Amino acid sequence: MKTLTARQQNIATRIDTQVALNNWKDWKWQRKHVIKSVDEFEKITGIRFEKPERDKMIKTTEKFPLSITPYYLSLIDVEDYETDPIYLQAFPLPSELDIQSYDMSDPLTEDKDSPAPHITHRYPDRVLFHVSNVCSMYCRFCTRKRKVGDIDSVPDRQSLMQGIEYIKNTPQVRDVLLSGGDPFLLSDSFLDWILSEITAIPHVEVVRIGTRTPVVLPYRITEGLISVLKKYHPIWINTHFNHPRELSPSAKIALAKLADAGIPLGNQSVLLAGINDCPRIMKKLVHLLVRNRVRPYYLYQCDLSEGLSHFRTPVGKGIEIIESLIGHTSGFAVPTYVIDAPGGGGKIPIMPNYLISWSTHKVVLRNYEGVITTYKEPDSYKPYFCDRDCEKCDKHLPLDEAEEGDIVGISKLLSDADDTIALTPENTERIQRRKDNNS
Ligand SMILES: *Cc1c(COP(=O)(O)O)cnc(C)c1O
């Protein structure tokens, strides 16, 4: 089949002689033939590991299993694999077994913020809904590494219904993120059912889907899947490209199908040592993404999950990358760099500093070139007291029946409508003394 690359044909024939060539682009065939052992990997790629190294790799896969689609494997440059970004994302290194003292199995405490099965509810108006335990490839840097390979099964309707009930009973939820695992490893009909249930809930305004299939299994984006998704607009999709090499012709076709279906596409990358910790690589990646109608959304600092220490970079590397993008390229090509707070505080954005100093009526700023400039603030701005009584306000906010939730966090401190003057940690000795004295 001439639409396959030589490397793909080579791999296909090693897996299944002639049959494979015709089935390469069938996602179910790809799923059925995922590479799950060091042995198979060697057979198919022709790479041979030295014995001590090989033993360590096998030991690693016993703790953190291995799974690579033939497609993703075909992107590896077997002549120069040791530093290959595809290889490093897919194949286990013995350093995964180095557990650092600050590593955690669930650094984002997703399991604690779970009020119902399959749900993580952390932010006021949106929830994560883990609808699938399955992935076609096990990314070595997975933040949910604790769960990888655990229960390789799809939750049943009854079990998911508990999550759906929670969303139904929680009117603040206006945005539901389907996550996993990978939601696109569910069948079209099962996904259709989930989407129909969620979009039927009146207070749910948008559904988002996080998937890595356009990267590791682009053939999953079939006409059948598209016709299901199109029924449930507005649907937003976030995919997960980390390196320019992942934007293969097949990946581009998958992205085009999704974009043509009117689905806004975003991308979340993880900053990974030895893979994409380079301003030029990141610039190339974001340019390829926007050319393929994908907006870079987040760049994540690598989490503190167990077995990821060799992938982590200092935070300064992320700031350096963002510094190299802002101003230097299109605004919509720049992702927000975030650290997902250990302990479950959610995503915290990190930026280079552009505000250098200020006085009562002027701010001093610097731009990407190092130009230092001033912005004179208005003399005429009349501060107004806002008691959040929007009915009486003359700013024309169309009010609907939706109740606004409580004002929380720092915005509560800024608000006139709330007289909280401080947010105080509960677990200090001083606060304990206060409590003791008052009791
Ligand atoms: C990332 C995340 C979200 C979505 O956050 P956005 O900033 O809106 O993209 C929601 N819930 C949880 C638990 C998350 O980790």
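Counting starts at 1 for both ligands and their atoms, in listed order. Given the structure is predicted, the values throughout are model-derived calculations rather than measurements.
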With a cut-off of 3.5 Å and sequence neighbours excluded, list every side-chain donor-acceptor pair involving residues 225-233.
residue, atom, partner, partner atom, Å
Ser227, OG, Glu223, O, 3.4
Ser227, OG, Gly224, O, 2.9
Lys231, NZ, Asp192, OD1, 3.3
Lys231, NZ, Asp192, OD2, 2.8
Tyr232, OH, Asp192, O, 3.3
Tyr232, OH, Asp192, OD1, 2.4
His233, NE2, Ala261, O, 2.9

Which pairs count as side chain to side chain donor-acceptor pair (under 3.5 Å) when at least one residue sits in residues 310-320, sequence neighbours excluded?
->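 Every side chain to side chain donor-acceptor pair (under 3.5 Å) pair that includes a residue of residues 310-320, provided the two are not neighbours, is Asp103-Arg312, Lys317-Glu320.
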
Kindly state each residue pair satisfying side chain to side chain donor-acceptor pair (under 3.5 Å) with at least one member in residues 281-291, sequence neighbours excluded.
->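 Sorted result for residues 281-291: His287-Thr329.
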
Any sub-3.5 Å donor-acceptor pair from Arg208's side-chain atoms to Asn238's backbone N or O?
->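 No, the answer is negative, given that no donor and acceptor are paired below the 3.5 Å cut-off.
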
Classify the ring geometry between Tyr71 and Tyr219 as parallel (under 30°), tilted (30 to 60°) or perpendicular (over 60°).
->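 Perpendicular, since the angle between the ring planes exceeds 60°.
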
Taking the six-membered ring where the residue is Trp, are the ring centres of Phe41 and Phe91 under 6.0 Å apart?
->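 Under 6.0 Å, so yes.
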
Would you check ligand 1 and list the protein residues that come within less than 4.0 Å of it by any heavy atom, ordered by chain and number?
->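 Residues Thr120, Arg122, Tyr123, Arg126, Leu128, Leu177, Arg208, Tyr297, Tyr298, Lys347 each place a heavy atom under 4.0 Å from ligand 1, listed by chain and number.
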
